[in-house]
Every structure is written in C-alpha cells, then in structure tokens.
**Q** 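Here you go, one structure.
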Amino acid sequence: GGRANSVAASMAMFGLLASLVFVMF
Amino acid sequence: EPQSTMFPEMTPECATVMPDLLEKCFATGSVTPTEDCCTDLKSATSTQVTCLCDNYIANPAVSNITGPYSKAITTKCGVFDKYSCDGTSKGGEEKKGGSSSSNGKDNGKSEGN
C-alpha cells in the first residue's frame with residue numbers, strides 16, 4: 001500500500017544519506 | 001569498514017554508484033517509475049545491481065519493505081529479473097556480449113502479491 005511505499009522511500013533516503021556519509025569520510 | 005549496521009555492505013564503491021539510482025527510482029515514494037528511472041535501471045552496471053541488492057532490495061534489515069516496493073518498480077520497468085537479487089544476477093551479471101546467457105528468460109509479467 002501507499003504507507004509501505006513511503007516507508008520504502010524513507011529507507012531509500014536513509015540509504016542515500018548513508019552512502020553520502022560514506023563518501024564524505 | 002562499514003559505517004552503518006543497517007547497511008553493512010555499504011562499500012565506498014557502492015556509496016558512489018547507489019545515490020543516483022536511489023534518488024531517481026527508489027526514493028520517490030511512488031511505485032510508478034519514471035522513464036528516466038527505467039532507463040537508468042536498464043543500463044545499470046552489475047556493480048550498481050549488486051550494491052542495490054546488498055544494501056537495499058535484499059538487505060535483511062529493510063527487505064520486508066523494500067523488497068515488494070522495489071519489485072513493483074523493477075517489474076514495471078521490465079527489469080525485475082535483473083534486480084531479483086536471487087544470486088543469479090548478483091554481482092556476476094553479464095549483459096554485454098557473451099554467447100552463453102543462462103539468465104535470459106522473459107519477464108514481461110510477474111505475479112502480484
């Protein structure tokens with residue numbers, strides 16, 4: 001459902017941030 | 001050395017190649033991918049596929065949510081097989097050249113839930 005999708009999107013954003021953090025260090 | 005327990009496979013290489021696809025395809029909150037997203041998914045390298053599988057699609061920490069979500073997107077783009085993360089394409093995908101393709105089955109329609 002839409003809720004799960006937004007959670008998944010949040011996960012993706014978190015992953016995005018995690019990867020960016022990795023790049024920075 | 002892994003930076004996050006949630007993303008144990010987040011290697012520097014993955015951190016370099018993942019953001020683009022994540023942002024374009026999996027961080028939209030929509031299960032309807034854009035044409036741009038599909039184009040990128042189709043042209044993604046095996047490294048990108050592996051990184052997405054390990055850290056996102058099949059990451060045990062989030063796969064219960066991201067699995068179905070990713071499946072919906074990749075299915076609509078017609079690349080579900082490539083991102084099935086079942087080990088057949090993971091890391092060892094050969095999409096160019098090569099006369100012996102064992103993973104060339106058609107995946108026009110996949111089952112729903």
Side-chain angles (χ1 to χ4, degrees), chain A, chain B residues 1-34 37 40-41 47-48 50-76 83 85 112-113:
Chain A
R3 186 180 179 84
N5 294 339
S6 52
V7 173
S10 301
M11 295 291 183
M13 286 309 293
F14 191 78
L16 191 57
L17 290 174
S19 59
L20 290 175
V21 167
F22 207 117
V23 167
M24 288 166 64
F25 295 98
Chain B
E1 166 183 338
Q3 297 286 305
S4 164
T5 53
M6 196 172 185
F7 299 96
E9 306 293 329
M10 188 64 77
T11 63
E13 191 177 17
C14 284
T16 308
V17 300
M18 276 184 68
D20 187 48
L21 278 175
L22 275 180
E23 188 177 14
K24 202 171 282 183
C25 295
F26 301 112
T28 62
S30 169
V31 290
T32 305
T34 62
C37 158
D40 276 21
L41 285 181
T47 303
Q48 286 177 300
T50 304
C51 288
L52 279 175
C53 280
D54 289 350
N55 292 289
Y56 185 66
I57 299 173
N59 181 345
V62 295
S63 63
N64 61 329
I65 296 167
T66 56
Y69 177 63
S70 305
K71 182 179 175 182
I73 292 176
T74 54
T75 299
K76 284 176 183 172
Y83 295 87
C85 303
N113 284 324

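Chain A is the first sequence line, chain B the second, and so forth, proteins listed ahead of strands; every chain is numbered from 1.
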**Q** Please report the closest heavy-atom contact between B/Thr66 and B/Ser63, naming both atoms and the distance.
**A** OG1-CA, 3.3 Å
**Q** If we ignore hydrogens and angles and just use 3.5 Å, is the side chain of B/Lys76 paired with the main-chain N or O of B/Val31 as donor and acceptor?
**A** yes
**Q** Sub-4.5 Å heavy-atom contacts with chain A: which residues of residues 14-21 of chain B show up?
**A** B/Ala15, B/Thr16, B/Pro19
**Q** Please report the closest heavy-atom contact between B/Cys37 and B/Ile73, naming both atoms and the distance.
**A** SG-CG2, 4.3 Å
**Q** Check each atom of B/Phe26 against the heavy atoms of chain A and say whether the ones under 4.5 Å are side chain, backbone, both or neither.
**A** both
**Q** With only heavy atoms counted, which part of B/Ser70 is less than 4.5 Å from chain A, the side chain, the backbone, both or neither?
**A** neither
**Q** Would you confirm whether B/Tyr69, through its side chain, and B/Gly29, through its main-chain N or O, come within 3.5 Å as a donor-acceptor pair?
**A** yes
**Q** Strictly distance-based, threshold 3.5 Å: is any side-chain N or O of A/Ser6 a donor or acceptor partner for the main-chain N or O of A/Arg3?
**A** yes
**Q** Minimum heavy-atom separation for A/Phe22 and B/Met10, please, with both atom names.
**A** CE1-O, 2.5 Å
**Q** Between B/Tyr56 and B/Leu22 (side chain of the first, backbone of the second, donor and acceptor by atom type, cut-off under 3.5 Å), is there such a pair?
**A** no
